[in-house]
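Worksheet for the structure shown next.
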Amino acid sequence: MNPLKGLSEKPSKLVIGLMSGTSADGIDAALVRIEGSGSETRVEPVAFVSLPYEEAFRSSLLELAQGGIGGSRELCLMNFRLGRLLAEASLA
């Protein structure tokens, strides 16, 4: 059973978009309502939040991304830390 099958048939959907840009200054989260489909699609902003990273986290993230530290262990740990922050942004 495909859990997303019924989603496309709903007339209105609430969707959260998450982003952490290349500046790595924090996470932006946007809640939007999407109605219709194809050329009839309408997107309405509902809420937006921007949560800055703590400087120590940002420094670690940038250093790891540049290959300056760590390996697979540090990359996996960062993945979990980012996931937690993305969840917090979604809830905010």
Side-chain angles (χ1 to χ4, degrees):
M1 180 176 181
N2 183 348
L4 299 178
K5 185 176 185 228
L7 184 62
S8 64
E9 298 168 359
K10 290 186 175 188
S12 179
K13 304 157 201 71
L14 287 174
V15 178
I16 298 173
L18 299 164
M19 183 181 96
S20 176
T22 55
S23 64
D25 57 351
I27 296 173
D28 295 328
L31 175 66
V32 298
R33 182 181 321 280
I34 300 175
E35 295 179 345
S37 63
S39 62
E40 302 295 317
T41 302
R42 292 183 315 282
V43 179
E44 171 193 354
V46 176
F48 176 83
V49 66
S50 186
L51 302 178
Y53 292 138
E54 292 181 5
E55 188 53 42
F57 176 83
R58 182 177 185 268
S59 294
S60 295
L61 178 63
L62 290 173
E63 195 170 3
L64 182 62
Q66 294 169 0
I69 61 166
S72 57
R73 180 183 187 281
E74 289 76 17
L75 188 59
C76 288
L77 290 171
M78 181 61 72
N79 187 43
F80 281 99
R81 290 172 69 191
L82 272 172
R84 194 172 301 117
L85 293 172
L86 291 167
E88 289 174 12
S90 296
L91 292 170

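Computed from a prediction, not measured in an experiment: that's the story for all the values here.
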Open item on the list: Nearest 0.5 angstrom please: R42 CZ to E35 CD, how far?
Closed with: 5.0 Å
Task: Over all atoms of both residues, closest heavy-atom pair of Y53 and S20 - done: OH-OG, 2.8 Å
TODO: Write down the atom of A89, the atom of V49, and the distance for their closest heavy-atom approach.
DONE: O-CG1, 3.9 Å
Task: Atom of L75, atom of L64 and distance for their closest heavy-atom approach - done: CA-CD2, 3.9 Å
Open item on the list: How about CD on E55, more than 12 heavy atoms from neighbouring residues, nucleotides or ligands closer than 6.0 Å, or not?
Closed with: yes
- [ ] Is it possible for you to say whether I16 and L85 belong to one hydrophobic cluster, with membership spreading through side-chain heavy-atom contacts below 4.5 Å?
- [x] yes
Open item on the list: Using the rule that Ile, Leu, Val, Met, Phe, Trp and Tyr join whenever any side-chain heavy atoms are under 4.5 Å apart, tell me whether I27 and V46 fall into a single cluster.
Closed with: yes
TODO: Consider only side-chain heavy atoms of I, L, V, M, F, W and Y, link residues closer than 4.5 Å, and tell whether M19 and V15 are in one cluster.
DONE: no
Open item on the list: On a heavy-atom basis, which atom in G36 and which in K13 lie closest, and how many Å separate them?
Closed with: O-NZ, 4.4 Å
Task: Backbone N/O of S37 and side chain of E40: donor-acceptor pair under 3.5 Å - done: no
Open item on the list: Taking the side chain as everything from C-beta on, heavy atoms only, tell me whether R58 gets closer than 4.5 Å to L61.
Closed with: no
Open item on the list: Using the rule that Ile, Leu, Val, Met, Phe, Trp and Tyr join whenever any side-chain heavy atoms are under 4.5 Å apart, tell me whether M78 and L18 fall into a single cluster.
Closed with: yes
Open item on the list: Count I, L, V, M, F, W, Y as connected when their side-chain heavy atoms are under 4.5 Å apart, and connections chain through other members. Are L14 and L86 then in the same cluster?
Closed with: yes
